[in-house]
Asker: 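Submitted below is the structure of interest, expressed as structure tokens.
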Amino acid sequence: MLSFLGRRVLFTIPVVLIASFVLFIFVRATFDPTAQLRSSHADSASVAREKERLGLDRPVVVQYGDWLGKFVHGDWGQSERTREPVFGMIRRALWYTVQLIFWGILLSATVSIFVGVYSAVKQYSPLDYTFTGLAFVGLALPPFWFGLIAIEFLAVQPVNWFHLQEPIFSFVGLHSGDSTGFNLDYVRHLALPVLTLTVQIIASWSRFQRAAMLDVLQSDYIRTARAKGVPRRQVIVKHGLRNALIPLVTVMALDIGALFGGLIITETIFSIPGMGRLFYESLLAGDATVLVAWTVVTALFIVAFNLLADVLYGVLDPRVRMA
Amino acid sequence: MTGLDPLLVVEHLSVEFPTDDGALHAVDDVSFAVMPHETLGIVGESGSGKTVTSMAVLGLLPTRARVSGAVRFRGQDLLGMREKDLEKIRGAKIAMVFQDALTALNPAYTVGDQIAEAVTVHNQIGRDALATRVRELLTLVGIPNPSERAEQFPHEYSGGMRQRAMIAMSIANDPDLLIADEPTTALDVTIQAQVLEVFGRIQERTESAIIIITHDLGVVAGVADRVMVMYSGQQVELASVDDLFYNTRHPYTAGLLASLPRLDRRADKADRLHRITGQPPSLVFRPSGCSFHPRCPEARIGGLCTEVVPELREVAQGHLSACHFAQDIFGVERVS
């Protein structure tokens with residue numbers, strides 16, 4: 001197991017290096033950090049000075065090496081938009097996104113596993129058909145649409161319908177005013193964005209879990225367990241779910257990794273200053289320094305969660321550990 | 001046969017599966033009894049209903065299967081029994097050994113855990129006693145280093161070892177009846193012999209009755225007391241092992257016996273083994289009359305064979321056959 005882990009970790013190093021190099025080149029080729037200076041009609045001498053200060057006059061490979069060295073040491077440069085250190089900006093944004101992902105995944109995993117197992121065990125029951133129908137509707141609800149509909153019908157309109165003082169669910173940020181920590185206010189802010197981000201995830205994971213569970217329930221070892229006299233519930237959970245979770249956990253890890261840079265629309269709709277919003281704002285401002293760091297950080301998360309998926313697979317399936 | 005009450009009685013057992021083309025008769029009116037300490041062999045080709053019969057006994061068929069008839073174990077009706085009560089019999093009184101132990105064992109748990117589960121499902125037992133019991137069972141089926149082996153996963157076992165582990169699991173509660181479904185099919189011949197030897201040892205020790213389901217007549221000849229031959233979901237012959245081999249009363253059995261390669265006889269003509277021509281019939285659309293008639297070398301076309309479904313009847317003491325012409329002497333010699 002340890003050598004499997006070691007090999008797998010070593011393998012990610014070239015992946016990360018290649019990904020960061022490609023991302024660096026692409027951002028450099030697309031954005032010009034001196035664009036702002038140019039547009040303010042600065043003379044060519046001051047543009048050249050700025051280029052030299054940023055090292056843009058050197059070959060791109062040298063620039064990359066320079067950037068990588070600083071990146072590893074936590075010096076991610078300064079935003080051209082806000083003049084803040086990029087490291088702090090991303091750390092702050094990441095914290096918001098991590099909160100969304102944590103609650104969203106907790107909800108998605110719980111609901112999907114329950115729905116998937118139920119649908120498989122009671123295949124073709126009315127509730128299975130209901131879940132199947134809802135899953136297809138859910139898959140067809142993109143966040144930009146569902147988020148706005150949720151705000152309208154779960155926050156804005158209920159105020160008129162029930163003559164409320166204020167909406168039950170808030171849709172701006174994760175806290176109101178100076179409130180902090182885990183409290184009712186936090187839950188009221190979280191509800192809609194978490195719902196928005198989970199709808200499609202629950203729809204796809206529950207279908208996946210249903211298929212995996214159906215597959216496992218037909219296997220010979222389930223029959224063996226029943227022939228041993230193991231009670232039905234124990235057969236389903238201990239023998240069935242234990243094996244059906246293996247493929248789901250892999251899919252989960254991969255999906256979660258992609259979420260760190262994937263909540264651009266949800267965060268924008270709900271004005272949450274997370275990674276998605278940071279990307280959106282930096283993109284509009286042409287903030288190359290932030291964009292390089294941002295794309296590399298999200299790539300790191302994807303690689304890390306790919307690694308996690310592999311490791312979990314090995315932990316859950318004893319047959320993989322050997323190889 | 002002894003004067004004891006039978007352990008298991010199966011009467012007019014039929015199993016149908018609904019399909020788009022109509023009902024599929026997987027098992028059609030099968031009756032047999034198993035006496036205590038007896039070994040009954042059930043023989044037939046793939047799809048003849050051997051496995052479905054055994055699954056029906058333990059109520060392990062999918063819910064869409066329509067089962068009728070009666071299955072009584074020590075006088076208790078198993079077919080009408082609630083799942084909760086059946087769970088107390090499965091693995092404790094009647095245990096099963098499945099074919100292909102690689103897929104029949106759960107890949108996520110160690111062999112020791114899976115054997116231990118068979119014990120703990122039916123008994124309250126302390127940890128140390130449980131570990132001892134698992135080692136004991138593994139030793140009984142001839143697995144060396146039981147303490148180490150118990151910690152290993154099924155994929156770390158060889159095929160023969162897995163089948164033994166499977167057997168160890170099934171005998172964990174000293175069942176009265178052991179149903180072994182093709183226990184040696186996935187194994188090579190030397191391992192087959194070893195596994196069959198394990199069954200013999202177990203039967204001596206626990207005095208359980210065994211139903212051994214196989215398509216291998218050689219296995220049956222070696223271990224069974226009586227043999228039931230199935231064809232197309234129906235039983236065609238039921239006799240003591242000696243009668244079946246030397247006093248065959250059904251042309252299908254005769255065909256099966258003639259297809260066995262034999263060292264003591266030179267294959268004449270084209271140097272080929274005898275084979276039963278044609279294909280097994282569809283279980284949805286059965287041939288009229290005797291379902292074996294399209295393939296039967298003795299069939300009287302236009303007569304009884306194509307018109308009338310033959311009854312299973314006693315043609316000699318303890319020898320049942322479902323052939324209209326069972327009284328005519330059939331034998332291996334004649335068919336080959």
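Just the heavy atoms: all of them, side chains too, but no hydrogens, waters or symmetry mates, feed the values below. All chains are named by letter (A, B, ...) in the order of the sequence lines, taking the proteins before the strands, and each is independently numbered beginning at 1.
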Asker: Taking B/Gln114, B/Lys88, B/Gln99 one by one, which has the highest count of heavy-atom pairs under 4.5 Å against chain A?
Answerer: B/Gln114

Asker: Would you indicate whether B/Arg201, at its atom CZ, is surrounded by more than 12 heavy atoms from other residues, nucleotides or ligands within a distance under 6.0 Å?
Answerer: yes

Asker: Under 4.5 Å heavy-atom distance to chain A, tell me which part of B/Glu83 shows up: side chain, backbone, both or neither.
Answerer: side chain

Asker: Which members of residues 58-67 of chain B, sorted by number, sit under 4.5 angstrom from chain A on a heavy-atom basis?
Answerer: B/Gly59, B/Leu60

Asker: So which residue, B/Pro154, B/Ala104, B/Ala118, ends up with the most heavy-atom pairs under 4.5 Å with chain A?
Answerer: B/Ala104

Asker: Suppose a student defines contact as a heavy atom less than 4.5 Å from any heavy atom of chain B. Which residues in residues 213-239 of chain A would they list?
Answerer: A/Asp220, A/Tyr221, A/Arg223, A/Thr224, A/Arg226, A/Ala227, A/Lys228, A/Gly229, A/Val230, A/Pro231, A/Arg232, A/Gln234, A/Lys238, A/His239

Asker: Sort by residue number and list every member of residues 123-138 of chain A having a non-hydrogen atom under 4.5 Å from chain B.
Answerer: none

Asker: Do any of residues 190-207 of chain A come closer than 4.5 Å to chain B, heavy atom to heavy atom, and if so which ones, in number order?
Answerer: none

Asker: For A/Phe305, does the CZ atom sit with more than 12 other heavy atoms under 6.0 Å from it, leaving out its own atoms?
Answerer: yes

Asker: Between CZ of B/Phe153 and CG of A/Asp317, what distance do you get to the nearest 0.5 Å?
Answerer: 9.0 Å

Asker: If you compare all heavy atoms of A/Pro318 against all heavy atoms of B/Pro107, which two are closest, and at what distance to 0.1 Å?
Answerer: CG-O, 3.0 Å

